[in-house]
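Only one structure is covered here, and it is reproduced in the block below.
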2 protein chains.
Amino acid sequence: MNETPDRLTIGALAAQSRLSRETIRYYERVGLIRPSARSEGGYRLYAPGAVDRLRFIRTLRELGFTLNEIDRLLGIVDRDAGRCADIGDFIRDKRAAVERQIERLTRLKELLLDLEARCPHVEALFACPIIDRLADERWMADAEEGERRD
Amino acid sequence: MNETPDRLTIGALAAQSRLSRETIRYYERVGLIRPSARSEGGYRLYAPGAVDRLRFIRTLRELGFTLNEIDRLLGIVDRDAGRCADIGDFIRDKRAAVERQIERLTRLKELLLDLEARCPHVEALFACPIIDRLADERWMADAEEGERRD
DNA sequence: ATAAACCTTGGAGCATGCTCCAAAGTCAAG
DNA sequence: CTTGACTTTGGAGCATGCTCCAAGGTTTAT
């Protein structure tokens, strides 16, 4: 009594989600996912929806979210009103952070495109003005409030 | 004989770069930055350009670059032909990764905006279709090549 | 009924990137 | 010339997110 189209073992889930078995078990330990059942012998069995859940987690990880932040968003997925405390603030802050990151990445992309165009001539690379000055306040993280100069 | 407008101590540099002294020393240990001089008593003294260098590093860190990747880009800054080996490939790959990340973040932003509009009514949140289905192939990391299903 | 392929738990180990500390020396202001 | 703020080195410790392993049980194909 085991794997069927709607009961994946951890290995099958790993293959479909492109995460390792170990990572899936690790995510279980920290509370991000649980098998929907166990076989008689104790094997974890997952519903097919677990594949989407893990891809959601993987995507957010690749975008720089911590497992803790992902857990908060999964609180919505799980309709867990408890984990949704202050979720509004969280979402607003995250959206703002994502917007800032998009802006910065866009400027970084331009720098990289500039560098790319100068390759493969190292001399030309060295002449890149942004790199040369290492200063472009439109791109770089700035001081923001709180900075005091002596 | 010490701090002047063009000879910052580590504390002043930390304040201006918004990194801690400890972090700056750590970056020195791993080769990202070096003081341009030392005082008689052994204090690190930095040229003002160090502020930009550290802001460059901080920005790239915040965008998800590893210290190792940052070191490669600093190889260009330092006109170090040695560290520039294969830099063209590196830049191309990075530019592509940055582009992909911008795309994904843009879609994520849309999800977050949707969720934000549904706040603060938890019921409405739970009704978010993307969250509900946890599937949006336009946004989610996908399988790509290499995935085999049994 | 046996082998190959899979799974279990528990715990150790590791890479990255900091962060903190103690004991001691340096510096600038009054 | 003392005091208090600052700095030094070296090393330990820590948070995150995996990753690997051993010893053993389960499944399934033959």
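Only this structure's heavy atoms are used, side chains among them; waters, hydrogens and symmetry mates stay out. These numbers come from a predicted model, not from an experiment. A, B, ... follow the sequence lines: proteins, then strands. Residue 1 opens every chain.
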So, is [X] close to the [N] phosphate, meaning a side-chain N or O under 4.0 Å from OP1 or OP2?
X: R38(A); N: dT9(C); answer: yes
X: R61(B); N: dG17(C); answer: yes
X: T9(B); N: dT7(D); answer: yes
X: S39(B); N: dC27(C); answer: yes
X: T23(B); N: dT19(C); answer: yes

Go nucleotide by nucleotide along DNA chain D from the 5' end; which of Y27(A) and G41(A) gets its closest nucleotide reached first? Y27(A)

Using heavy-atom distances to pick each residue's nearest nucleotide on DNA chain D, tell me which of R29(B) and G11(B) is more 5'. G11(B)

Using whole Å, what does the distance between atom [atom2] of nucleotide [N] and atom [atom1] of [X] come to?
X: R44(A); N: dT8(C); atom1: CZ; atom2: C1'; value: 7 Å
X: E40(B); N: dT7(D); atom1: CD; atom2: C1'; value: 15 Å
X: E28(B); N: dG10(D); atom1: CD; atom2: C1'; value: 14 Å
X: Y26(A); N: dT16(D); atom1: OH; atom2: C1'; value: 6 Å
X: E62(B); N: dC18(C); atom1: CD; atom2: P; value: 10 Å
X: R7(A); N: dT27(D); atom1: CZ; atom2: C1'; value: 17 Å
X: I24(A); N: dC20(D); atom1: CD1; atom2: C1'; value: 16 Å
X: Y43(B); N: dA5(D); atom1: OH; atom2: P; value: 13 Å

If you take atom types as modelled and just measure distance, does the side chain of E22(A) reach the base of dC20(D) with a donor-acceptor pair under 3.5 Å? yes

In terms of side-chain heavy atoms of T66(A), which of dT19(C), dG17(D), dG17(C) is nearest? dG17(D)

Tell me whether [X] is salt-bridged to [Y], with the criterion being a basic N under 4.0 Å from an acidic carboxylate O.
X: K94(B); Y: D89(B); answer: no
X: E123(B); Y: R118(B); answer: no
X: R92(B); Y: D86(B); answer: no

CZ (R34(A)) with more than 12 external heavy atoms under 6.0 Å: no

Taking any heavy-atom pair under 4.0 Å as a contact, classify R25(B): base, sugar-phosphate, or nothing. base

Do you see a donor-acceptor pair shorter than 3.5 Å between the side chains of R25(A) and S20(A)? no

Residue mapping more 5' on DNA chain C - nearest nucleotide basis, N68(B) or Y46(A): Y46(A)

